[in-house]
There are 2 protein chains.
Amino acid sequence: MSADPSARRGIPDATVARLPEYLRALTGLAERGITSVSSEELAAAAGVRSAKLRKDLSYLGSYGVRGVGYEVDHLAYQISRELGLTQDWPVAIVGMGNLGHALAAYSGFATRGFRVVALLDQDPAIVGQEIAGLAVQPMSELTALVSEQGLAIGVIATPAASAQDVCDALVAAGVRSILNFAPCVLVVPDGVDVRKVDLSTELQILAFHEQRKALASPAALRKAVAP
Amino acid sequence: MSADPSARRGIPDATVARLPEYLRALTGLAERGITSVSSEELAAAAGVRSAKLRKDLSYLGSYGVRGVGYEVDHLAYQISRELGLTQDWPVAIVGMGNLGHALAAYSGFATRGFRVVALLDQDPAIVGQEIAGLAVQPMSELTALVSEQGLAIGVIATPAASAQDVCDALVAAGVRSILNFAPCVLVVPDGVDVRKVDLSTELQILAFHEQRKALASPAALRKAVAP
DNA sequence: TAGATTGTTAATCGATTAACAATC
DNA sequence: TAGATTGTTAATCGATTAACAATC
C-alpha cells in the first residue's frame with residue numbers, strides 16, 4: 001500500500017529480542033559522548049557479531065552510511081520507534097510478595113518508557129498498603145485501570161498457584177501483554193502475548209552446563225579423588 | 001568408549017532450555033497422584049507440541065513405552081539427572097539491593113537442588129547485615145566460598161555499573177557459571193557461562209508486539225479518533 | 001580517487017513439524 | 001490380536017554466518 005519504510009513486515013522474533021540490547025549499547029555510547037559508531041564497534045558493545053547486527057538492522061531500514069557507520073542518536077531513535085518506546089506504556093504489577101515488591105521499586109522500567117501505574121494484590125490484608133509510593137489496589141480495579149489509564153501490560157509476580165486466576169482477570173479486563181514471573185504455564189486466548197521469566201529455569205540451564213564442565217575438567221578429578 | 005546411554009553427546013541448546021519446564025510439569029502431575037503420562041498430555045502441560053516433546057526426550061534416551069507413555073517419576077528422575085539436579089549446587093548472590101533481597105528470599109531456588117550459601121555486597125555498610133537468615137559477606141570471602149563450600153554458581157544482582165567488576169571477582173575466585181540480572185553485557189573468558197535475565201528487555205519485547213496489535217485493532221481506531 | 005563500511009546475497013547450520021514405522 | 005503411542009525420519013522452516021558488491 002505504501003513505500004514508507006515503516007510498511008515493511010515481519011521482523012524476525014530473534015531480531016526483535018536483540019533490539020533492546022542494541023538500544024542499550026547505543027544509550028551507553030551516547031552517554032560517553034560518542035556520536036558515530038561502526039557495526040563492528042556496536043556489535044562488540046552488544047555482545048554479538050557484526051554480520052548479525054547489520055542483518056538485524058537491515059530489517060528496520062537503511063539507517064547507516066557506507067564507509068562511515070551509524071549515527072548513534074538517530075539509530076537509537078529508530079530502534080526506539082520500532083520497539084514502540086517513543087510512547088508511554090502503563091504497567092501494572094500483580095502480587096506484592098518479595099519479588100513484586102522488588103519489581104515495584106525497580107527503576108530500570110521507568111528509564112525505557114514504562115510507567116508502573118498500579119500495584120495490585122488478591123490479599124485484602126495487603127490492599128491499601130503503600131509500596132514504592134503507590135497504594136496497593138484490589139483486583140476489582142483492573143477494568144478501570146485499563147479504560148482510565150490505558151493499562152496495556154500486566155506483570156504477574158504471584159505464586160504459581162494463583163497465577164492463572166490473575167492472568168484470567170488481566171485478560172478479562174482487556175490486558176493483552178503479560179510478563180509472567182510465576183513458575184507455571186499460563187493458558188491465554190489468541191491475541192494475548194505472554195512472556196515468561198523463570199529464575200530457577202535459568203539456574204537449571206546453568207547447572208546443566210556446569211555439570212558438563214565439571215565432568216571434563218581436572219577439578220573434577222581432584223574432587224573425585226579427594227576425601 | 002561406551003554404550004551407556006549417558007555417553008551420548010550434544011543435546012541441543014533449545015532442548016536443554018525446555019527440560020526444566022518438562023520437569024516442572026512432571027512434578028505437578030506427580031503431586032496430583034498421576035503416575036503415567038502420554039507425550040500428548042505432558043506436552044499440553046508444558047505448553048509445547050507433542051512432536052517437539054518426543055524429539056526432545058529422544059536426546060536423553062528411550063524412557064517411554066510404546067503404546068503406553070512415560071512413567072512420571074522415572075522420567076522426572078532422568079531429566080533431573082541430565083540437568084545435574086541430583087546433586088546440590090551452592091549459589092552465591094552478589095548485590096543486596098531490592099532485587100538481591102528478593103532473590104535471597106525466593107524459595108523457588110531451594111526446591112530444585114540450589115542452595116543459597118552466601119550473600120555478598122561490595123558496600124561495607126551492608127556487609128554484616130542479616131538477610132533471609134544469612135549474614136552479608138564482603139567480596140573478599142569469594143575465594144574461600146569456592147574452595148570451602150564448593151560454590152559454583154554466582155548470581156549478579158548489582159547495578160550495571162559494578163556488574164563487570166563483580167563478574168571479574170567471581171571468575172577470579174573460580175566461579176564458572178553466572179546468572180546476570182544487571183542490564184549490561186559481561187565479558188568473560190572461555191569456559192565461563194553467563195546467562196542474562198533482563199526485566200526491561202522482556203517488557204520491550206512485549207511493547208513491540210503490543211504496538212503491532214494496537215495498530216491492527218479497532219481499539220486503535222477509537223483511540224486515534226477520541227480526543 | 002582510495003579506503004572504509006554498509007546492506008545484501010547465498011551457503012550453512014540448527015530447530016521445528018508432520019508423518020509413520022516400530023513395538024508395546 | 002487390535003489399539004495406542006513412542007522414537008525416528010525426512011521435509012520444512014527460520015536463524016546465523018561469511019563474503020562481497022555497492023557506495024559513501
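All figures in this text were calculated on a predicted structure; none of them were measured in a lab. Proteins come first, then strands; the chains are lettered A, B, ... in the order of their sequence lines, and each starts at number 1.
- Distance alone, capped at 3.5 Å, places no donor-acceptor pair between the A/N98 side chain and the A/A102 backbone.
- Without hydrogens or angle criteria, A/W89 side chain to A/L151 main chain gives no donor-acceptor distance under 3.5 Å.
- As a whole-Å value, the separation of B/L57 CG from C/dT16 C1' is 15 Å.
- Taking a pair as Watson-Crick or G-U wobble with both distances under 3.5 Å, DNA chain D forms stems of 3 or more consecutive pairs at C:3-24 with D:3-24.
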Identify every side-chain donor-acceptor pair in residues 67-76 of chain A under 3.5 Å, counting partners at least two apart or on other chains, and give the distances.
none

Which atom pairs link the protein and nucleotides 21-24 of chain C when you take only N or O atoms and keep those under 3.5 Å?
| residue | atom | partner | partner atom | Å |
| --- | --- | --- | --- | --- |
| C/dA22 | N3 | B/R66 | NE | 2.9 |
| C/dT23 | O4' | B/R66 | NE | 3.4 |
| C/dC24 | O4' | B/R66 | O | 3.4 |
| C/dC24 | O2 | B/R66 | O | 3.4 |

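- Remark: P of C/dT9 and NZ of A/K52 are 20 Å apart, rounded to the nearest angstrom.
- With rounding to whole Å, A/R18 atom CZ is found 9 Å from D/dA15 atom P.
- Side-chain proximity of A/K55 to the nucleotides D/dG7, C/dA10, C/dA18 is greatest for C/dA10.
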Would you sort out whether A/T86 and A/R81 count as a side chain to side chain donor-acceptor pair (under 3.5 Å), showing the intermediate values? CA-CA 5 Å; A/T86 50; A/R81 197 173 52 83; over 6 Å; no
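- Separating the CG atom of B/D56 from the C1' atom of C/dT16 is a distance of 10 Å, rounded to the nearest angstrom.
- Side-chain N/O atoms of A/R54 include none lying less than 4.0 angstrom from OP1 or OP2 on D/dA19.
- Atoms CG (B/L53) and P (C/dA15) sit 17 Å apart, rounded to a whole Å.
- Between A/R49 and D/dA19 there is no side-chain polar atom (N or O) within less than 4.0 angstrom of OP1 or OP2.
- The side chain of A/D13 approaches D/dA15 more closely than any other nucleotide in the set C/dG7, C/dT16, D/dA15.
- Across all strands shown, A/A14 has heavy atoms under 4.0 Å from sugar-phosphate atoms exclusively, and none from any base.
- One N or O on the side chain of B/R24 and one on the backbone of A/P183 form a donor-acceptor pair closer than 3.5 Å.
- Between A/E82 and B/R212 there is a salt bridge, since at least one side-chain N of the basic residue sits less than 4.0 Å from a carboxylate O of the acidic one.
- Between the B/T27 side chain and the B/L23 main chain, a donor and an acceptor come within less than 3.5 Å of each other.
- Computed from coordinates, the A/L75 CG to C/dT6 P distance equals 11 Å when rounded to whole Å.
- Rounded to a whole Å, the CG atom of B/L60 is 10 Å from the P atom of D/dG7.
- At distances below 3.5 Å, not a single donor-acceptor pair connects side-chain atoms of B/Q78 with backbone N or O atoms of B/S62.
- Scanning residues 20-45 of chain B for heavy-atom distances under 4.0 Å to DNA chain D yields B/S38, B/S39.
- The nucleotide whose nearest atom lies closest to any side-chain atom of A/S58 is, among C/dT16, D/dA15, C/dG7, C/dG7.
- Within the structure, every pair that satisfies the side-chain hydrogen bond (donor to acceptor under 3.5 Å, both in side chains) test and touches residues 186-196 of chain A, not counting sequence neighbours, is listed here: A/R195-B/E202, A/K196-B/E21.
- OP1 or OP2 of D/dG7 lies within a sub-4.0 Å distance of a side-chain N or O belonging to B/Y70.
- One N or O on the side chain of B/E41 and one on the backbone of B/S38 form a donor-acceptor pair closer than 3.5 Å.
- Listed by chain and residue number, nothing satisfies the ring pair (Phe, Tyr, Trp, His ring centres under 6.0 Å) test with B/F208 (two or more places apart in sequence, or in another chain).
- Side-chain atoms of A/Q149 do not come within 3.5 Å of backbone N or O of A/P90 as any donor-acceptor pair.
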